[in-house]
Amino acid sequence: MDIDTKFYTSTLLNWYQTNRRDLPWRLSNNPYEIWIAEVIFQQTRINQGINYYHRFIERFPNISMLANASEDEVLKLWQGLGYYSRARNLWVTAKKVAFEMQGQFPNTFSEIKKLKGIGDYTAAAIASIAFNEPVPAVDGNVIRVISRLFTIDTPASSSKGKGEITQIAHSMIPADNPGDFNQALMEFGALQCTPRSPNCEICPLKNSCLAFKLSSIEKYPLKIIKKAVRIRHFNYLVVDDGEYLLFKKRTSGDIWENLYDFPLIETPDRYEIDKLMQTPQWKKLFNTSDICLENVSEEIIHQLSHQKIILRFYHIKITQPLEQTYYLSIVYNHVLSLPVPIIIGNYLANKFEIGATKKDNWI
DNA sequence: GAGCCGTGGGA
DNA sequence: TTCCCAAGGCT
């Protein structure tokens with residue numbers, strides 16, 4: 001493709017100069033802070049993650065502090081942000097850099113990309129912003145902007161389409177400030193070339209935008225058909241003896257890995273209480289113990305990107321400790337320190353007044 | 001390469 | 001209400 005790259009480069013840099021948001025990590029060339037920011041803002045809007053960023057940097061101001069923390073604490077700080085593998089991988093990588101690489105964060109794209117939790121995009125962002133390496137950081141914004149400017153008709157989900165876009169972005173990077181340019185392209189996508197109803201009339205690139213010329217802005221980037229989300233039914237048993245609650249640390253191979261939740265009976269469809277009491281899990285847990293069903297919550301829908309969880313909480317009071325070792329007994333005061341899925345955190349806040357409210361989801 | 005992994009805000 | 005999707009990466 002024959003492109004006047006200089007025009008796009010200078011236009012985007014000029015636009016960035018006057019329209020860029022003041023974001024904390026933009027004041028820094030510290031690879032650690034850039035790394036944390038880039039990971040937090042993977043698939044996450046600025047408004048949703050900005051307070052998490054501040055709290056994270058305050059608690060872990062450098063990679064050594066992060067490396068010496070516990071996984072539970074890192075996950076607790078991440079609670080509510082979602083995609084918890086990001087937090088687990090941050091912790092794993094921090095320990096690797098701190099204890100195996102003498103605390104020296106790698107300084108080239110290829111070395112950075114070897115770290116767990118860092119892929120093409122994040123490696124390029126860190127390498128270009130912290131180390132001035134001219135590598136294209138292709139995120140969802142860049143895909144959208146380039147797709148529209150040049151009407152890319154290969155889906156960006158394919159390696160071919162991604163490759164085309166990456167190549168174009170690469171050709172636009174100025175040698176002197178690749179970091180600013182990468183951020184300019186992304187910021188342009190976030191603020192000007194928005195997914196829905198972009199204001200093309202005020203766009204400095206409208207006369208160079210092929211999609212605009214063809215009145216097909218809405219067509220790009222090419223949409224991919226999504227498969228239906230899986231529907232699951234969770235029955236949470238909130239087992240309560242007045243002093244402690246039962247919890248279980250979730251294991252790998254499912255959502256919310258390494259977070260904690262209540263004893264869970266997953267059923268193939270909606271079970272009423274009498275049917276739930278007939279399940280082997282219920283019978284095994286309570287056996288012949290005296291129980292009192294204190295409360296059954298309304299049905300709650302928890303929508304994940306790929307699953308729809310239909311769930312209820314069964315608040316069950318017991319008078320005698322259960323004869324079991326499978327679940328953890330957590331005293332009320334300690335419940336707050338456990339990293340839990342947001343739906344559990346909200347329940348605890350509303351029902352037990354343990355922890356913060358939904359809007360204030362941190363310690 | 002396709003499926004999996006959260007959550008919240010906006011239209 | 002419902003749907004979309006946001007500074008992606010791993011298996």
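Letters A, B, ... mirror the listed sequences (proteins, then strands); counts begin at 1.
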Just to be sure I understand the rule, does Asp254(A) reach a base, reach only the sugar-phosphate, or reach nothing, if contact means heavy atoms closer than 4.0 Å? sugar-phosphate

OP1, OP2 of dC5(B) versus side-chain N and O of His306(A): anything below 4.0 Å? yes

Roughly how many Å is it from NZ in Lys162(A) to C1' in dG1(B), rounded to a whole number? 13 Å

Pair Tyr236(A) + Phe313(A): ring centers closer than 6.0 Å: yes

Salt bridge check: are Lys95(A) and Glu100(A) linked by an N-O gap of less than 4.0 Å? no

Can you tell me the distance, in whole Å, between the CG atom of Leu81(A) and the P atom of dG6(B)? 12 Å

Rounded off to whole Å, could you give me the CG-to-P distance for the Leu304(A) and dC4(B) pair? 12 Å

Under a 3.5 Å distance rule, please check whether Asn30(A) uses its side chain to pair with a backbone N or O of Tyr32(A) as donor and acceptor. yes

In this structure, how many angstroms lie between the C1' atom of dC4(C) and the CD atom of Glu218(A), rounded? 13 Å

His302(A) side chain near dT7(B) phosphate (N/O to OP1/OP2, under 4.0 Å): yes

Taking the same atom, P, in dG3(B) and in dA7(C), what whole-Å distance lies between them? 24 Å

For nucleotides 6-11 of chain C, read 5' to 3', which letter fits each nucleotide if B means a protein heavy atom sits under 4.0 Å from the base, S means only the sugar-phosphate is that close, and - means neither? BBBSSS

Are any of the side-chain nitrogens in Glu187(A) or Arg26(A) under 4.0 Å away from the carboxylate oxygens of its partner? yes

In whole Å, measure the gap between the P atoms of dT11(C) and dG6(B) for me. 14 Å

Here the distance between atom C1' of dC5(B) and atom CG of Asn258(A), to the nearest Å, is 13 Å

To the nearest Å, give me how far apart OH (Tyr52(A)) and P (dG6(B)) are. 13 Å

Taking all atoms of both residues into account, what is the closest heavy-atom pair of Arg144(A) and Pro221(A), and its distance? CG-CD, 3.6 Å

With nearest nucleotides of DNA chain B determined for Ile255(A) and Ser157(A) from heavy-atom distances, which residue corresponds to the more 5′ nucleotide? Ser157(A)

Protein-nucleotide distance (Gln303(A), atom CD; dG8(B), atom C1'), rounded to Å: 12 Å

Give a yes/no on whether any side-chain N or O of Ser159(A) is located under 4.0 angstrom from OP1 or OP2 of dG1(B). yes

Ring centres under 6.0 Å, that's the criterion: do Tyr83(A) and Trp256(A) meet it? no

Whole Å only: how far is the CD1 atom of Ile300(A) from the P atom of dT7(B)? 13 Å

For a quick test of reading the model, state the closest non-hydrogen atom pair linking Thr5(A) to Met172(A) and the distance between them. CB-CA, 4.3 Å

So, OP1 or OP2 of dC5(B): does either fall under 4.0 Å of a side-chain N or O from Trp78(A)? no

